Amino acid sequence: IYKWHYSGLNRWHGAGSTADFQKIIQERCDTYTQTIRPGSRSRNCQAIRQAFMSAFISKDPCKATKEDYNSLINLAPPTVPCGQQVFWSKTKELAHEYAKRRRLMTLEDTLLGYLADGLSWCGEPGSSDLNIWSCPDWRKDCRTNYVSVFWEVLSERFAESACNTVRVVLNGSLENAFDSMSIFGRVEAPNLRPQVELEAWLVHDTGKPPSDSCSGSSIRKLKSILDGRNVKFRCMDNLR
Ligand code: C8R
């Protein structure tokens with residue numbers, strides 16, 4: 001039992017791969033390319049599904065690298081028209097509502113972001129199947145797991161492609177609206193190109209006193225990261 005526990009499929013602390021992962025990827029890809037963005041360059045969903053699988057199948061689930069996702073991302077780079085990007089941190093639902101209402105785009109509006117949203121996946125050396133029992137947890141097992149690295153590399157590419165004015169929706173009802181350890185803080189803000197202008201929208205829960213504001217220290221920290229990259233910055237409090 002000891003040996004099975006520590007070498008078996010159940011040894012990780014995170015949820016296992018989403019049931020029917022391949023089928024969901026294929027179906028979402030068909031929906032996206034045929035219904036959501038039919039005007040977009042036609043994409044081969046079977047090739048995309050296969051590239052997604054080859055990125056992690058049969059590999060050590062704690063040894064994901066950015067390079068593992070190169071072929072997948074090359075098939076569908078996460079780019080959107082200039083000036084339409086919306087980033088977010090701890091405001092997922094709200095950011096998506098804002099983006100939709102203003103005809104702007106989040107990473108989930110790109111094909112790969114749309115495919116992977118809410119899913120979990122990992123493989124197992126020596127097996128061609130997904131591990132449906134458990135996958136590594138970011139804190140308890142390893143940071144270099146395939147789901148975390150996927151969002152990091154996709155977010156990096158998304159941020160690198162930003163141009164003109166882009167926005168970020170931040171949660172002013174947290175003590176630190178800007179979290180330098182989040183993907184937005186670690187990966188996106190530091191990868192914006194010079195001359196891009198970032199507009200931060202600080203949203204607050206109604207009925208609660210705001211915990212952070214544009215003049216708070218977490219936003220000052222964001223500003224200093226951007227200053228170092230020559231990215232212009234504006235912050236607006238209490239958008240709601
Ligand atoms: N982005 C990152 N993570 C994403 C994501 C996405 O678009 N979509 C999903 N589902 N996830 P958070 P953050 C998952 O702390 O870390 C991009 C991942 O498992 O609220 O600052 C997006 O462009 C990830 O760990 O936000 C956005 O601007 C959590 O949800 C930032 O990065 C994100 O949790 C958001 O990343």
Side-chain angles (χ1 to χ4, degrees), residues 12-18 21 24-25 28 32 52 55-56 61 64 66 69 72-73 76-81 83-100 102 104-122 135-163 165-193 196 198-203 205 212 218-219 221-222 225-226 231 233:
W12 309 113
H13 295 86
S17 305
T18 308
F21 179 83
I24 296 173
I25 293 292
R28 284 186 179 179
Y32 185 96
F52 206 144
F56 68 96
K66 292 180 183 181
Y69 286 113
L72 176 63
I73 292 182
T79 51
V80 307
Q84 292 193 5
Q85 268 165 326
V86 177
F87 302 102
W88 50 270
S89 195
K90 278 93 191 169
T91 52
K92 189 176 179 195
E93 310 249 298
L94 203 57
H96 285 85
E97 275 174 42
Y98 275 126
K100 198 163 183 196
R102 294 167 202 229
L104 302 173
M105 310 240 267
T106 65
L107 187 53
E108 281 79 19
D109 294 309
T110 69
L111 177 56
L112 293 184
Y114 180 81
L115 293 189
D117 193 17
L119 303 183
S120 169
W121 62 92
C122 66
C135 287
D137 175 78
W138 191 79
R139 288 182 57 227
K140 294 185 186 146
D141 300 307
C142 55
R143 297 186 177 198
T144 49
N145 64 74
Y146 277 90
V147 175
S148 301
V149 170
F150 172 86
W151 287 114
E152 285 166 11
V153 62
L154 201 65
S155 302
E156 181 179 312
R157 295 284 294 266
F158 187 56
E160 280 170 357
S161 75
C163 46
T165 302
V166 294
R167 299 123 194 110
V168 61
V169 183
L170 296 175
N171 191 337
S173 294
L174 297 175
E175 206 172 311
N176 292 305
F178 174 68
D179 170 6
S180 55
M181 291 308 290
S182 66
I183 293 186
F184 173 71
R186 275 185 295 130
V187 178
E188 292 177 328
N191 275 297
L192 292 172
R193 291 186 296 202
V196 165
L198 179 70
E199 202 173 272
W201 296 345
L202 238 69
V203 294
D205 292 344
D212 201 357
S218 87
I219 297 294
K221 178 147 193 215
L222 171 57
I225 292 174
L226 299 169
V231 171
F233 182 65

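What you see is a predicted model; the values in this text were computed from it and never measured. Atoms within a ligand are numbered from 1 in the order they appear, just like the ligands themselves.
Close approach to Lys90 involves these atoms of ligand 1, each under 4.0 Å from a residue heavy atom: 12 (P), 15 (O), 20 (O), 26 (O). Heavy-atom contacts of Glu108 reach the following atoms of ligand 1: 5 (C), 6 (C), 7 (O), 8 (N), 9 (C), 10 (N) (cutoff under 4.0 Å). Close approach to Ser155 involves these atoms of ligand 1, each under 4.0 Å from a residue heavy atom: 1 (N), 2 (C), 17 (C), 32 (O). Against a heavy-atom cut-off of under 4.0 Å, Leu107 is close to the following atoms of ligand 1: 6 (C), 7 (O), 17 (C), 23 (O). For ligand 1, the atoms lying closer than 4.0 Å to a non-hydrogen atom of Phe87 are 28 (O). Remark: ligand 1 atoms within the under-4.0 Å shell around heavy atoms of Ser89 are 13 (P), 20 (O), 21 (O), 26 (O).
There is no protein heavy atom less than 4.0 angstrom from atom 29 (C) of ligand 1.
When each of Ser155, Ser89, Ser148 is tested with Ile183 by the rule side chain to side chain contact (heavy atoms under 4.5 Å, CB included), just one qualifies, namely Ser155.
Using a distance-only test at 3.5 Å, with no hydrogens or angles considered, a donor-acceptor pair links the side chain of Ser17 to the main chain of Cys122. Using a distance-only test at 3.5 Å, with no hydrogens or angles considered, no donor-acceptor pair links the side chain of Arg193 to the main chain of Val231. Counting only distance, with no hydrogens or angles, the side chain of Asp109 and the backbone of Thr106 share a donor-acceptor pair below 3.5 Å.
Scanning the protein heavy atoms around atom 22 (C) of ligand 1, the nearest turns out to be Glu188 OE2, 3.4 Å. When only non-hydrogen protein atoms are considered, atom 10 (N) of ligand 1 lies nearest to Asp117 OD1, 2.9 Å. Annotation: atom 18 (C) of ligand 1 to nearest protein heavy atom, Trp151 CD1, 3.4 Å.
Take Phe158 and apply the ring pair (Phe, Tyr, Trp, His ring centres under 6.0 Å) test, not counting sequence neighbours, and it matches Phe87.
Across Phe178, Trp88, Phe184, heavy-atom proximity to atom 33 (C) of ligand 1 is greatest for Trp88.
Using a 4.5 Å heavy-atom threshold, the side chains of Thr18 and Trp121 count as separate.
The shortest N or O to N or O distance between Ile183 and ligand 1 is below 3.5 Å.
Ligand 1 lies nowhere less than 4.0 angstrom from a heavy atom belonging to Gly113.
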task = Start with the C-alpha gap between Val187 and Trp151, add the side-chain angles, then the distance that decides, and say whether side-chain contact (heavy atoms from CB on, under 4.5 Å) holds.
result = CA-CA 10 Å; Val187 178; Trp151 287 114; over 6 Å; no

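Rounded to the nearest 0.5 angstrom, Leu112 CG and Phe52 CZ are separated by 7.0 Å.
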Determine all donor-acceptor pairs shorter than 3.5 Å in which one atom belongs to a side chain in residues 168-178; sequence neighbours excluded.
{"residue": "Asn171", "atom": "OD1", "partner": "Ser173", "partner atom": "N", "Å": "2.9"}
{"residue": "Asn171", "atom": "ND2", "partner": "Lys90", "partner atom": "O", "Å": "3.3"}
{"residue": "Ser173", "atom": "OG", "partner": "Asp205", "partner atom": "N", "Å": "2.7"}

